[in-house]
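Computed from a predicted model, the values in this text were never measured in an experiment. Below, each value reflects all heavy atoms present in this structure, side chains not excepted, and no hydrogens, waters or symmetry copies.
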Amino acid sequence: MIKINRIGQLLTIFLWAMTSTMQANNKILTSPNQKIKITLSASNTGFTVSYQGKTAVLCTRLGLMTKNKTGVVTCKKIILQQQKHIEEHYRMLSGKRSICNNEATEAVCTLSPQLKLRLRAYDNGIAFRYELSGLKADSIMGELTTYYIKQGLRRWMQNYQSSYEDFFPLTTAQPQEASNKRHWGYPALVELQDAQYYTLYSEADINPYQSASSLKSSGNTGYQVFPDRNPLHLDGNWHTPWRVVIIGKLSDVVESTLITDLARPSQLKDTTWIHPGVVSWVYWAYNHGSKDYQIVRKYIDMAARFHLPYVLIDAEWDEMTNGGKIEDAINYAHQKGVRPLIWYNSSTAWINGAPGPKFRINTPEKREKEFAWLEKSGVAGVKVDFFDGDTQPTMAYCIAILKCAARHHLLVNFHGATIPRGWQRTFPNLLSTEGVYGEEWYNNLPILTNKAACHNATLPFTRNVIGPMDYTPCAFSDSQHPHITSNAHELALTVLYQSGLQHLADKPESYYAQPSEVQHFLGKLPVAWDDTRLIAGYPGKYVIMARRKGATWYIAGINGTDKKLEVNLNLKSLRLPSAPLYLESFEDNTSKEHHWEIKKGEKHLPDQVTMIPRGGFIFIIQVRKNKNL
């Protein structure tokens with residue numbers, strides 16, 4: 001049991017040496033499929049991970065720092081013990097796959113009388129966490145875990161921002177080569193030297209007594225795990241979140257569910273009220289929230305016309321004028337058969353000068369009162385914005401919001417917040433999280449105009465791997481700054497990007513101007529998938545992905561370059577039946593008068609697809625059971 005007490009003096013619990021006294025049979029942990037092996041080093045303070053016989057991960061340093069006592073606790077002998085096989089199947093209400101398989105080999109490594117290392121070898125990665133026992137008036141001061149990444153390897157890493165809103169530029173530079181770029185956020189993607197295998201670094205399963213972490217440079221080639229501030233004083237037992245490395249081909253990385261595999265199962269008894277869906281969203285077109293009642297009505301009308309389940313009533317609704325208040329907007333939405341989601345300022349980060357409402361959910365009493373009102377009013381969920389980074393108080397606050405929201409049957413979308421680390425399994429009412437440089441940035445800076453195509457083709461291999469991503473896609477018109485991606489590129493993002501609440505960025509008039517087939521597509525768009533497959537791609541260049549809902553496959557692709565791209569379309573992994581297939585396709589038309597090339601009918605799948613510069617496509621594939629399909 002963890003209690004909050006006074007802080008003591010400095011204690012450093014540190015793995016000093018792994019000696020050769022370990023026997024060969026207790027220093028190697030192997031994944032169930034035998035492809036991954038974790039080998040504890042006998043000569044230094046870390047471990048090596050091999051994938052199909054080749055070194056994939058090198059952890060050169062292990063250990064934790066806590067306050068209590070001074071000195072270094074050395075370890076003369078480290079033994080893997082308590083090895084066991086883990087296997088479970090679980091269901092996700094939203095995500096890249098509805099049925100997930102969590103299978104691994106686990107062992108516990110004793111580092112000192114108070115410190116253990118729990119290791120897991122998965123078929124597509126590894127995970128480990130530190131476990132402390134016997135704490136007395138103690139506190140966490142830092143972590144020594146350091147990953148070595150060989151010089152010259154290609155990497156896609158994001159400069160750390162507390163909101164995780166930045167690009168993932170391709171680089172081979174070392175940490176010390178740029179003094180202002182020595183702190184990175186998760187996830188971090190690395191291409192191994194033979195260009196066939198990749199590693200993606202992240203973490204999973206944060207509880208209220210932990211902070212989230214990121215990576216900081218350590219020497220020429222080291223990346224050290226850097227936990228954010230944790231002011232708690234601890235008694236008893238405590239452990240870190242899981243440190244995670246996904247390993248394999250790009251398809252293994254993209255399709256992995258390792259982050260939710262490691263998360264705690266949900267304790268909710270009833271989840272029948274949780275429904276992922278598409279949302280009409282006001283902010284992008286007007287660079288403003290929901291102050292104007294008449295504009296809010298337009299977005300409710302759009303949701304009703306397209307049969308979208310939700311409309312987001314964004315910031316500034318507490319100042320709503322021009323013919324109605326928030327209660328009028330909620331009632332109008334219900335009249336139209338649309339359920340509203342409502343925005344709140346978390347009031348922990350950007351407060352002065354920020355939009356409201358503010359300070360309505362910061363204490364348990366206020367939160368309970370506010371969420372009870374929302375439930376009584378028939379509001380479907382909340383979007384909470386502007387959080388204070390990765391600190392332990394922020395993590396505890398987020399979890400408190402999720403728990404209270406669940407009690408009142410409210411969906412949750414976190415914005416201006418940290419990235420997903422598995423909460424979407426533990427709290428299935430969490431349907432989306434921002435933590436991405438998304439489409440809303442067309443409102444803020446001109447930089448996205450030229451970078452968007454490459455950035456969009458990088459996100460499926462980085463940010464969206466680890467959890468839902470509220471990029472707010474599908475803008476056919478321009479906001480404050482223009483976009484130069486094609487219409488088919490924009491439409492493809494709604495399939496490529498997984499989010500349990502998929503907010504459509506553009507204004508109603510822009511969607512009404514599209515062909516009826518596009519409007520129908522948006523009205524039927526799934527946002528929770530039964531399966532996900534990477535068909536082809538390379539970060540920043542292009543991506544083609546297949547997602548299945550029921551018996552229907554959605555194949556979406558985008559070109560991240562400024563040149564025409566021809567790509568082979570190998571769909572053997574989908575195991576499509578030999579029965580006739582009904583295909584509906586959305587592609588770019590090179591004509592200046594018409595943006596779309598839309599076809600549908602019973603036909604063979606193409607062997608190759610051509611994408612215009614910054615273009616894209618969607619194929620919807622159904623097995624035709626009868627002529628009336």
Side-chain angles (χ1 to χ4, degrees), residues 13-64 74-86 103-112 115-131 143-151 153 188 190-194 196-204 215 218-219 221-225 240 242-249 252-253 256 258 261-262:
I13 300 177
F14 174 46
L15 173 57
W16 183 252
M18 290 184 172
T19 72
S20 59
T21 58
M22 291 184 294
Q23 301 299 313
N25 63 356
N26 63 33
K27 73 174 192 177
I28 296 177
L29 187 66
T30 306
S31 64
N33 66 0
Q34 306 294 307
K35 288 185 178 181
I36 290 178
K37 291 185 178 181
I38 306 174
T39 304
L40 299 175
S41 173
S43 59
N44 58 40
T45 61
F47 59 79
T48 301
V49 181
S50 63
Y51 179 79
Q52 294 188 330
K54 297 182 180 180
T55 300
V57 179
L58 181 56
C59 182
T60 60
R61 202 179 185 199
L62 293 168
L64 282 177
T74 62
C75 184
K76 297 180 180 179
K77 187 175 182 180
I78 300 171
I79 299 176
L80 284 176
Q81 57 188 7
Q82 300 176 10
Q83 290 202 35
K84 66 177 182 180
H85 182 77
I86 293 173
E103 185 176 9
T105 307
E106 180 183 88
V108 177
C109 184
T110 300
L111 308 184
S112 78
L115 181 62
K116 292 183 178 180
L117 185 71
R118 188 173 297 271
L119 285 164
R120 286 188 184 178
Y122 283 84
D123 290 345
N124 67 340
I126 62 112
F128 61 97
R129 74 183 189 191
Y130 299 100
E131 298 179 353
E143 187 169 329
L144 301 173
T145 305
T146 303
Y147 303 112
Y148 167 86
I149 298 178
K150 189 177 179 180
Q151 292 189 11
L153 293 182
V190 179
E191 180 182 66
L192 301 185
Q193 198 157 12
D194 57 13
Q196 295 182 20
Y197 306 119
Y198 295 77
T199 54
L200 185 131
Y201 296 79
S202 195
E203 69 179 348
L215 296 173
S218 175
T221 54
Y223 293 85
Q224 185 172 347
V225 174
T240 66
W242 289 100
R243 311 308 181 203
V244 182
V245 188
I246 302 171
I247 306 168
K249 298 178 294 185
D252 296 321
V253 172
S256 174
L258 197 49
D261 292 348
L262 290 158

(Q) Run the side chain to side chain donor-acceptor pair (under 3.5 Å) test against Tyr147 and tell me which residues pass, sequence neighbours left out. (A) none

(Q) Checking Tyr130 now: which residues fulfil ring-ring contact (aromatic ring centres under 6.0 Å, His included) with it, not counting sequence neighbours? (A) none

(Q) So which atom in Tyr122 and which in Glu103 form the shortest heavy-atom distance, rounded to 0.1 Å? (A) CD2-O, 3.0 Å

Q.
Quick one, Ile86 and Arg120 - any side-chain contact, counting heavy atoms below 4.5 Å?
A. yes

Q: Would you check if Val245 and Val49 make a side-chain contact, meaning some heavy-atom pair closer than 4.5 Å?
A: no

(Q) Working to the nearest 0.5 angstrom, can you tell me the gap between Asn124 CG and Leu200 CG? (A) 11.0 Å

Q | Set of side chain to side chain donor-acceptor pair (under 3.5 Å) partners for Gln224, sequence neighbours left out | A | none

Q) Can you name the closest pair of heavy atoms from Ala107 and Leu29 and give their distance? A) CB-CD1, 3.8 Å

Q. If only atom types and distance count, is the side chain of Thr105 paired as donor or acceptor with the main-chain N or O of Thr30 below 3.5 Å?
A. yes

Scan the side chains in residues 32-40 for donor-acceptor partners under 3.5 Å anywhere in the protein, sequence neighbours excluded, and list what turns up.
from  : atom 1 : to    : atom 2 : distance (Å)
Asn33 : OD1    : Ser31 : OG     : 2.8
Asn33 : OD1    : Lys35 : N      : 3.0

Q. Do you know which two heavy atoms are closest between Val190 and Tyr201, and how far apart they sit?
A. CG2-CE1, 4.0 Å

Q. When the aromatic ring centroids of Phe47 and Phe128 are compared, is their separation below 6.0 Å?
A. yes

Q. Roughly how far apart are Tyr223 OH and Leu215 CG, rounded to 0.5 Å?
A. 8.5 Å

**Q.** Nearest-0.5 Å distance that lies between atom CG in Leu58 and atom OG1 in Thr48
**A.** 4.5 Å

Q) CD of Glu203 to OG1 of Thr145: how many Å apart, nearest 0.5 Å? A) 11.0 Å

Q | Residues that Tyr51 engages under ring-ring contact (aromatic ring centres under 6.0 Å, His included), provided they are two or more places apart | A | Tyr197

Q. Who passes side chain to side chain donor-acceptor pair (under 3.5 Å) against Asp123, sequence neighbours left out?
A. none

Q: Taking all non-hydrogen atoms of both residues into account, name the closest pair between Val57 and Thr199 and its distance.
A: CG2-CG2, 4.0 Å

(Q) Rounded to the nearest 0.5 Å, what separates atom OG1 in Thr240 from atom CD in Glu143? (A) 5.5 Å

Q.
Assess whether a salt bridge exists between Glu131 and Lys116, defined as any Lys/Arg side-chain N lying under 4.0 Å from an Asp/Glu carboxylate O.
A. no

Q: Heavy atoms only: give me the nearest Gly222-Thr146 pair and the separation to one decimal.
A: CA-CG2, 4.0 Å

Q. So how far is it from Glu106 CD to Gln83 CD, rounded to the nearest 0.5 Å?
A. 10.0 Å

Q | Tyr198 versus Lys249, closest heavy-atom pair with distance | A | CD1-C, 4.3 Å

Q | Side-chain (Thr110) to main-chain (Val108) donor-acceptor, under 3.5 angstrom | A | no

